[in-house]
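Below is one structure, written out as structure tokens; comments come after it.
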2 protein chains.
Amino acid sequence: MSVTIKDIARVAGVSRGTVDRVLHNRGGVNAEVAAKVREIAEDLGFFPNRAGKVLAALKQPMTFACLLPSIGNPFFEDVIAGFRIAERELSDFGLSIDIKEVKSFDTETHVNAIRELQEKGYSALCITSVDVPQVRMALEKTIAGGIPVVCVNTDIPDCGRLCYIGPDYYHAGKTAAGLLSMISKDKQELLILTGSFNILGHNERIKGFLQGLKEKNVPFEIVETKESLDDDDLAFTVTTQALTMHRQINCIFIAAAGVEGACRAVTKLKREGLVKVLTFDDIPSTKKLVKKNIISFTLCQNPTQQGYQAIQKLFAYMIGNQKNPPTDSITNTIIKIRENIED
Amino acid sequence: MSVTIKDIARVAGVSRGTVDRVLHNRGGVNAEVAAKVREIAEDLGFFPNRAGKVLAALKQPMTFACLLPSIGNPFFEDVIAGFRIAERELSDFGLSIDIKEVKSFDTETHVNAIRELQEKGYSALCITSVDVPQVRMALEKTIAGGIPVVCVNTDIPDCGRLCYIGPDYYHAGKTAAGLLSMISKDKQELLILTGSFNILGHNERIKGFLQGLKEKNVPFEIVETKESLDDDDLAFTVTTQALTMHRQINCIFIAAAGVEGACRAVTKLKREGLVKVLTFDDIPSTKKLVKKNIISFTLCQNPTQQGYQAIQKLFAYMIGNQKNPPTDSITNTIIKIRENIED
DNA sequence: TTGAAAGCGCTAACAG
DNA sequence: CTGTTAGCGCTTTCAA
């Protein structure tokens, strides 16, 4: 049995209330007494018991708010699923979760959403947003107001967030290059399709991909680079144009959404098998295309784990689990081909 | 705030003690009263609060025993790491873990180990063993004696175990075939290296691999099939022999341990690049060989997760988390190449 | 500035 | 057969 505040109180010759006050820096304790208590706690190797804390905390239930640019983006469904799993597991520890969904990565929308959540008095925030000054400032203010924040899927460094849970985009791009170098030794005539030139993650994937090709000595040429704005119809249009104009294209690297649209163009032009398609994530439409062999492989980032871990880490922090202080958690780059796409 | 036994007691007009007795089928309660309590609990949607249970359970701390054939097999180090992570997380819920390591899959050793653990009075067992009648009987007896059992990594069905946590070996073999079909269209002249013809998992991997090749219409011939007994030196010997006798071999499928030995043979005979090597798991020596491009890819099964989940599930069951009754959990088939081997 | 006590939800020991 | 009570570790409130 491990050491409790009761033990500390006994050894220090004070009451449990006093120990509690000291350990939470709640003030109103004689400095000498406080020092003594702290020393004893240290000596005895005291760690608060989570079960006790949780039980006591039940009187003031917690609610976390999650902000996601998920409207119209199926990718986030799995992140939300992760949130919900964690919520269910932690529900009888007094936790509940509200999810605020917005459309797109528009700065103003995000800033407003963050303000709104701050004002509503949530216990903590879990957000996917954009790393721009306005958002960062809004977050800094929230955090200064005592509301901890974790970033999921997209990091916003230097705003005082607790930690980041999500993928390493650059590395994922590089892995795509590694795999491509295994499945083909030909010169790669590339069509690069990105969501937006303004989104860091997409750019990082492309950078990693090109760097990986260089390191692997894969001969390649970038025939075209296009934005899809994560829209399937636009992706269809630009892909059709590119494939028609440049018959030599034999590989499409899709750094973002728009996968279904681009693949529609490939099949419409009857280029299946002639053009390799490399993608990210495994939303339902992408899964289907992997199964149909239109997509060679897709690199996934464990969205459900991201959501799950974010909530768990936040909760552990709130409850004061000092054994595991929050640290960044980079999700693995998971290679999926036809055979393991349903895992 | 959710419904508690206190609520049930109040509504039923009985004491909390009685409710507790009914809910735990501990007997000694008037049948009518019991029925009424049960009905009310059902109506109110009662789920016991884990924090409360855990706190009360602290008076009788639990110890789980884990049985692993891990001596001399580095694969299990990650499984053990998973055990330890779970133990740390659950330590202030009163859990501790003892690990019993044995060498090899010898039946008698396992039966004796199981008997020993049973007699030592552990709260529950978490085992990796062999699916043979003697072991199954030993487990049935343990379970009948009230000690729940989960199987990790290797299943032993029909013995009354709570659940299985581990890979789908057949499926992993099939995935290897899928990947191979992507990286090479040539006829595959195969050397198949297995650990033992008696170990189900190894056989399943081979079956899945061959079935996968057929489905993908990959032309192939099995030049040789050899046992390594999971021993690197033996693997080196048989691989050297096979590669020397049959110069046409261009692909080695290693269904078990012995990876380092087989690869040593490949480099010694200067066949790197000419012979593709396909392996499973990512023990340190395998990682190195993937980085050196000797191994084309290796298929992993998340051993750390296996260990972690096994303990978590067992604990959840013991504490009576009725929201998630224990179910099998098949770990993903994780493809690792040079670029993501360090994930 | 400090102590004492109540209570979070549950279990178990003891009375009756 | 059933109720009462104490207590798991912690927080919080009320007194002093």
Side-chain angles (χ1 to χ4, degrees), chain A residues 1-37 41 44-62 90-95 123 318-323, chain B residues 1-37 41 44-62 90-95 123 318-323:
Chain A
M1 191 65 72
S2 53
V3 31
T4 72
I5 50 169
K6 219 165 150 182
D7 299 324
I8 301 176
R10 191 169 26 77
V11 175
V14 299
S15 75
R16 287 148 63 189
T18 302
V19 174
D20 188 65
R21 275 184 283 264
V22 172
L23 263 26
H24 291 82
N25 305 308
R26 229 181 280 116
V29 178
N30 181 299
E32 285 179 39
V33 177
K36 190 172 159 196
V37 166
L44 263 41
F46 170 76
F47 280 106
N49 182 292
R50 280 146 67 216
K53 289 194 102 146
V54 159
L55 204 49
L58 277 188
K59 291 178 197 169
Q60 287 100 16
M62 270 188 271
L90 298 173
S91 63
D92 54 359
F93 289 1
L95 179 70
S123 319
M318 297 299 288
I319 218 64
N321 182 350
Q322 300 163 33
K323 278 186 208 170
Chain B
M1 189 64 74
S2 53
V3 32
T4 72
I5 50 169
K6 220 165 150 182
D7 299 325
I8 300 176
R10 190 168 28 75
V11 175
V14 299
S15 76
R16 287 146 65 194
T18 301
V19 174
D20 188 65
R21 274 183 284 265
V22 172
L23 263 27
H24 291 80
N25 306 308
R26 229 183 278 113
V29 178
N30 180 299
E32 285 178 37
V33 177
K36 190 173 160 196
V37 167
L44 264 41
F46 170 77
F47 279 106
N49 182 292
R50 279 146 69 217
K53 288 193 103 148
V54 160
L55 205 48
L58 277 187
K59 292 179 199 170
Q60 288 100 16
M62 269 188 273
L90 298 173
S91 64
D92 53 359
F93 290 1
L95 179 70
S123 319
M318 297 299 288
I319 217 65
N321 181 349
Q322 301 163 35
K323 279 188 207 169

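Here is how names work: the chains are called A, B, and so on, in the same order as the sequence lines, proteins then strands, and each is numbered from 1.
Taking atom CG on A:N25 and atom P on C:dT1, their separation rounds to 15 Å, with Å as the unit. The nearest whole Å value for the distance from the CD atom in B:E32 to the P atom in D:dC1 is 12 Å. B:L23 places its CG atom 13 Å from the C1' atom of C:dG9, with the value rounded to the nearest Å. As rounded to whole Å, 10 Å separates atom P of D:dC8 from atom CG of B:L58. Between the CG atom of B:D7 and the C1' atom of C:dC8 there is a distance of 13 Å, given to the nearest Å. Rounded to an integer number of Å, the gap from NZ of A:K6 to P of C:dG3 is 16 Å. For A:F93 and C:dC10, the CZ to C1' distance is 13 Å, given to the nearest whole Å.
Within 4.0 Å of B:V14, counting heavy atoms only, lie sugar-phosphate atoms of the nucleic acid but no base atom. Counting any heavy atom pair closer than 4.0 Å across all strands shown, A:V33 reaches sugar-phosphate atoms only and no base atom.
Looking at every heavy atom in both residues, A:V54 comes nearest to B:A51 through CG1-CB, 3.4 Å.
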Along nucleotides 11-16 of chain D, 5' to 3', which nucleotides get a B, which get an S, and which get a -, given that the test is a protein heavy-atom distance under 4.0 Å? BBB---
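The list of side-chain hydrogen bond (donor to acceptor under 3.5 Å, both in side chains) pairs with a residue in residues 27-36 of chain A, not counting sequence neighbours, is empty. The salt bridge (charged side-chain N to carboxylate O under 4.0 Å, His left out) pairs that include a residue from residues 17-31 of chain A are A:D20-A:R26, where partners are two or more places apart or lie in different chains.
Residues A:F46 and A:I8 form a side-chain contact, since some pair of their non-hydrogen atoms from C-beta on lies under 4.5 Å apart. Put simply, the side chain of B:V22 does not reach to within 4.5 Å of the side chain of B:V19, judged on heavy atoms. For the pair A:V29/A:T18, a side-chain contact is recorded, criterion being any heavy-atom separation below 4.5 Å from C-beta on.
In terms of phosphate contacts, B:T18 brings a side-chain nitrogen or oxygen within less than 4.0 Å of OP1 or OP2 of D:dG3. Phosphate contact (OP1/OP2 of D:dG9, side-chain N/O of A:T4, threshold under 4.0 Å): absent.
The side-chain contact (heavy atoms from CB on, under 4.5 Å) test applied to A:A57 returns A:I319, not counting sequence neighbours. Applying the side-chain contact (heavy atoms from CB on, under 4.5 Å) criterion to B:A56, with sequence neighbours excluded, gives no partner residue. A:A12 meets the side-chain contact (heavy atoms from CB on, under 4.5 Å) test with A:V14, A:V37, A:I40; sequence neighbours excluded.
Comparing A:L55 and B:N30 by the nucleotide of DNA chain D whose heavy atom lies nearest to each, the residue mapping closer to the 5' end is B:N30.
Bending across the helix from C:dT1-D:dA16 to C:dG16-D:dC1, expressed as the angle between its end axes from five pairs apiece, amounts to 60° (10° rounding).
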